[in-house]
Amino acid sequence: MNKTLHITPLLTTVLLTATLLLAACADDPDTGGRTLSVSLGSRQFADIDQEFSTTRAVSFPAPTTDWEDYTTLNPGATPNMLLFIANSKDNPTSSDVTSRLLRFQNNDNKDWQANVTITDPSSTYLLYGFIPLDADNASDQVSITRLLKPNDTYEASYSTGAILTIRGLKAVTMSDPCVIVGAKKLNGKDDNVTLQQGTFSYQFSEESEGSITDYACMLLDHLYSRYFFEFKMDATYAALRTIRIKKLSLEALDLSGTNAIRSVNATVTLRANTTGDSPIEGITFQSNNGNRSVTFYDNENDNDNTKGRLNATTYESFGFCLASPEQRWFRLTTTYDVLDSKGVVIRSDDVAVNSFDTQSIKTKILNRAPGLKHKIQITVNPTYLHTLSETDWDQPNFIP
C-alpha cells in the first residue's frame with residue numbers, strides 16, 4: 001500500500017499539495033540548433049546542528065561555505081540531468097516547453113552540455129531540472145507543470161515557478177537527487193557572476209547562424225538526507241574475537257519496520273523569488289513497496305583480511321548512502337568474517353540482518369530534512385557467545 005508523507009525542507013515555509021496535470025515528459029533528441037554549456041554548483045550537506053548561512057548569493061566559479069562545485073557522490077555513476085526549457089509567455093502550450101538531457105562532459109564535472117533548439121531567442125526562458133536520471137524507466141521519470149493557484153487553476157506562465165513530478169526514485173541510493181534552485185546566464189565559460197536561489201530566467205543569444213554556444217551556471221539543492229555509518233566492537237567480545245566487515249547493504253522499510261520500500265515518487269514545488277531564498281516551497285513523497293537494497297561497502301573480493309576489521313576503542317567509517325526524508329526505518333545486512341586472537345579466520349561470510357528505527361537509536365535522528373547529513377554509529381554486540389564452541393555462536397546484533 002502506498003503512503004504519502006509531506007516534508008517541509010530546510011529554508012522553506014509552505015507546503016502546497018494539489019493534483020498535477022503532466023505538462024511535459026522527457027525526450028532526448030540527438031541534435032539541436034545550439035549548445036548549452038553549464039557549470040553546476042550544489043549546496044553542501046549540513047550537520048544536524050549546523051545553521052545555513054543567511055547569504056544565498058553564490059559567486060561562480062568560486063565556491064562558498066554553503067555551496068560547492070557539483071560532484072558525483074557515486075564514483076561509479078555518470079549521471080545525466082533532465083533540463084526543462086520553458087518559454088516565459090502566458091498560457092504556454094506543450095510545444096513551449098522542451099526537455100533535454102544535460103550530459104557530463106569532462107573528468108572534473110565542471111562542464112555539462114545539452115543540444116537545444118530555440119525557435120524564438122528573443123524570448124525569455126525558464127530553466128528547471130532534476131539530476132540524476134536513474135529510475136527504472138528514466139525516459140518517463142520527470143514531468144513539469146506550472147504552479148497551481150489556491151483555486152486549482154494554473155498560474156499564467158512558468159515565470160512564477162514550476163512543479164516537478166519525479167517518479168521511481170530509489171528509496172535508498174548512492175546517488176544524490178537534486179533539483180535546480182537557481183540559474184543565470186554566463187557570457188563565457190570563465191565568466192564570473194553572482195547567482196542567487198530563486199531565479200530561473202535565461203536569455204539565449206540571438207545569433208542564428210553557425211556554431212552557437214550559450215553558457216549558464218546553475219545551483220542544485222538536495223531532495224535526500226545523507227547517512228554515514230561507523231562501526232566498533234563490544235569490548236567484552238573484542239577480547240576474544242575480531243570481526244571483519246566485508247559487505248554492507250541497506251534497505252528502506254515502511255513505518256511498521258517490516259515491509260520493504262522499493263522507490264518513492266516526489267512532487268517538488270518551486271516558487272521563483274527575487275530575495276535569494278530557497279524556491280523549494282514544499283516536497284511531497286509517496287513510497288512504493290517492493291524489495292531493493294543498496295550496497296554501500298563491499299570488500300568481499302579483497303584477500304587482505306586486515307581491511308574492515310573492527311576494534312573496541314574507536315569507530316571506523318564504512319561509507320554512506322542517501323535516503324528519502326520519509327524513511328526512518330532501515331534494514332542493515334552485514335556480511336562478515338570472525339577471526340581468532342591470532343588473526344586466523346575461523347568463520348567466513350556469515351550474514352547478520354538487523355532492522356532499526358532512526359528515531360529510537362541511541363542518538364535519535366528526529367530531523368531528516370533534505371540536505372542534512374547524519375552519522376549512525378553502530379556497536380557490534382553478540383547476543384549469545386560460546387567461547388569453546390564458536391559454531392554455536394548466534395549472529396551478532398549491530399546496534400546503532
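- Taking hydrophobic clusters as Ile, Leu, Val, Met, Phe, Trp and Tyr residues chained together by side-chain heavy-atom distances below 4.5 Å, Ile261 does not share a cluster with Trp329.
- Phe204 has its ring centre less than 6.0 Å from the ring centre of Tyr202.
- In this structure a side-chain-to-backbone donor-acceptor pair under 3.5 Å is missing from Thr173 to Lys170.
- Between the side chain of Lys184 and the backbone N or O of Met218 there is no donor-acceptor pair closer than 3.5 Å.
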Inset, instruction - Carefully, step by step, assess Lys246 and Asp349 under the rule salt bridge (Lys or Arg N to Asp or Glu O under 4.0 Å). - result: CA-CA 8 Å; Lys246 301 176 73 173; Asp349 294 327; 2.7 Å; yes
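- Nearest heavy-atom pair, Leu83 versus Ile180, reported as atom, atom and distance to 0.1 Å: CD1-CD1, 3.8 Å.
- A single hydrophobic cluster is seen to contain both Leu250 and Ile361, as judged by linkage of ILVMFWY side chains at heavy-atom distances under 4.5 Å, directly or through other members.
- In terms of modelled atom types and a separation under 3.5 Å, the side chain of Thr35 and the main chain of Asn115 share no donor-acceptor contact.
- When the shell of 6.0 Å around NZ of Lys232 is examined, it contains more than 12 heavy atoms from other residues, nucleotides or ligands.
- One hydrophobic cluster, built from ILVMFWY side chains closer than 4.5 Å, holds both Tyr336 and Ile346.
- Across all non-hydrogen atoms, the minimal contact from Thr124 to Ser88 is O-OG, 2.8 Å.
- Sequence neighbours left out, the pairs with a member in residues 290-313 that pass ring pair (Phe, Tyr, Trp, His ring centres under 6.0 Å) are Phe229-Phe296, Tyr297-Phe318.
- Residues Asp337 and Arg347 are not paired through a salt bridge, judged by the lack of any N-O separation under 4.0 Å between the basic side chain and the carboxylate.
- A distance of 12.0 Å separates CG of Asn288 from CG of Asp254, quoted to the nearest 0.5 Å.
- At least one side-chain heavy atom of Asn291 sits less than 4.5 Å from a side-chain heavy atom of Glu251.
- The nearest pair of heavy atoms linking Met233 to Ala238 is CE-CA, 3.7 Å.
- Taking OG of Ser123 as the reference point, atom CG of Asn87 lies at 4.5 Å (rounded to 0.5 Å).
- Connection of Ile245 to Leu339 is not established within any shared hydrophobic cluster, with ILVMFWY side chains joined at heavy-atom distances below 4.5 Å, either directly or through further cluster members.
- Ring geometry, Trp112 versus Phe104: the interplanar angle exceeds 60°, so the pair is classed perpendicular (tilted spans 30 to 60°).
- Judged purely by atom type and a 3.5 angstrom limit, Asp350 has no side-chain atom pairing as donor or acceptor with the backbone of Val338.
- Val344 belongs to no hydrophobic cluster with other residues, because no ILVMFWY side-chain heavy atom falls under 4.5 Å from its own, directly or through intermediates.
- No side-chain heavy atom of Met81 sits less than 4.5 Å from a side-chain heavy atom of Leu101.
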Legend entry - Step-by-step ring pair (Phe, Tyr, Trp, His ring centres under 6.0 Å) determination, Phe330 to Tyr227: CA-CA 11 Å; Phe330 295 96; Tyr227 295 89; 5.6 Å; yes
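- Atom CD1 of Ile166 sits about 4.5 Å away from atom CZ of Phe130, to the nearest 0.5 Å.
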Inset, instruction - Starting from the C-alpha separation in whole Å, work towards a yes-or-no answer on side chain to side chain contact (heavy atoms under 4.5 Å, CB included) for Asn91 and Arg146. - result: CA-CA 10 Å; Asn91 302 313; Arg146 285 169 281 157; 4.2 Å; yes
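- In this structure the side chain of Leu240 never reaches within 4.5 angstrom of the side chain of Ser341, judged on heavy atoms.
- Taking CZ from Arg331 and OG from Ser249, the interatomic distance works out to 12.0 Å, rounded to the nearest 0.5 Å.
- Side-chain atoms of Arg244 do not come within 3.5 Å of backbone N or O of Arg309 as any donor-acceptor pair.
- Checked against a 6.0 Å centroid threshold, the rings of His222 and Phe45 count as neighbours.
- Not a single ring pair (Phe, Tyr, Trp, His ring centres under 6.0 Å) links Tyr315 to another residue, sequence neighbours left out.
- With hydrogens and angles ignored, the 3.5 Å screen pairs no side-chain donor or acceptor of Glu316 with any backbone N or O of Glu230.
- Under the 3.5 Å distance criterion, the side-chain polar atoms of Thr358 are matched with a main-chain donor or acceptor of Arg328.
- Of all non-hydrogen atoms in Pro121 and Gln203, the two that sit nearest each other are O-NE2, 3.1 Å.
- Between the side chain of Arg226 and the main chain of Lys373, no donor-acceptor pair closer than 3.5 Å is present.
- Looking only at side-chain heavy atoms (C-beta outward), Ile163 and Thr267 come within less than 4.5 Å of each other.
- For the atom pair Leu219 CG and Arg43 CZ, the distance stands at 8.5 Å (nearest 0.5 Å).
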Legend entry - Stepwise side chain to side chain contact (heavy atoms under 4.5 Å, CB included) check, Lys89 with Asp120: CA-CA 11 Å; Lys89 69 180 185 181; Asp120 182 13; over 6 Å; no
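- Residues Arg271 and Leu147 form a side-chain contact, since some pair of their non-hydrogen atoms from C-beta on lies under 4.5 Å apart.
- Distance alone, capped at 3.5 Å, is enough to place a donor-acceptor pair between the Ser225 side chain and the Arg368 backbone.
- Heavy-atom contacts from other residues, nucleotides or ligands closer than 6.0 Å to CG of Asn301 number 12 or fewer.
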Inset, instruction - Any chance you could lay out the side chain to side chain contact (heavy atoms under 4.5 Å, CB included) test for Val351 and Thr334, step after step, and finish with the verdict? - result: CA-CA 6 Å; Val351 176; Thr334 307; over 6 Å; no
Legend entry - Steps toward side chain to side chain contact (heavy atoms under 4.5 Å, CB included) verdict (Leu223, Cys178): CA-CA 6 Å; Leu223 299 182; Cys178 293; 6.0 Å; no
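- For the residue pair Pro325 and Pro370, the shortest heavy atom distance occurs at CG-CG, 3.7 Å.
- A donor-acceptor pair under 3.5 Å is formed between the side chain of Asp214 and the backbone N or O of Ser205.
- No side-chain heavy atom of Val38 sits under 4.5 Å from any side-chain heavy atom of Tyr215.
- Counting only heavy atoms from C-beta outward, the side chains of Val97 and Tyr158 approach each other to under 4.5 Å.
- Both Ile365 and Leu332 belong to a single network of hydrophobic side chains, linked directly or stepwise wherever heavy atoms of I, L, V, M, F, W or Y lie under 4.5 Å apart.
- Summarising the geometry of Val193 relative to Cys217, their closest heavy-atom pair is CG2-SG, 3.7 Å, with the distance given to 0.1 Å.
- Partner of Ile85 under the side chain to side chain contact (heavy atoms under 4.5 Å, CB included) criterion, out of Ile118, Asp96, Leu126: Ile118 alone.
- Within the 4.5 Å cutoff, side-chain heavy atoms of Ser256 are placed close to those of Asn259.
- Between the OG atom in Ser263 and the CG atom in Leu169 there is a gap of 8.0 Å [rounded to 0.5 Å].
- Ionic pairing of Lys247 and Asp298 is not present here: no N-O contact between side-chain nitrogen and carboxylate oxygen is shorter than 4.0 angstrom.
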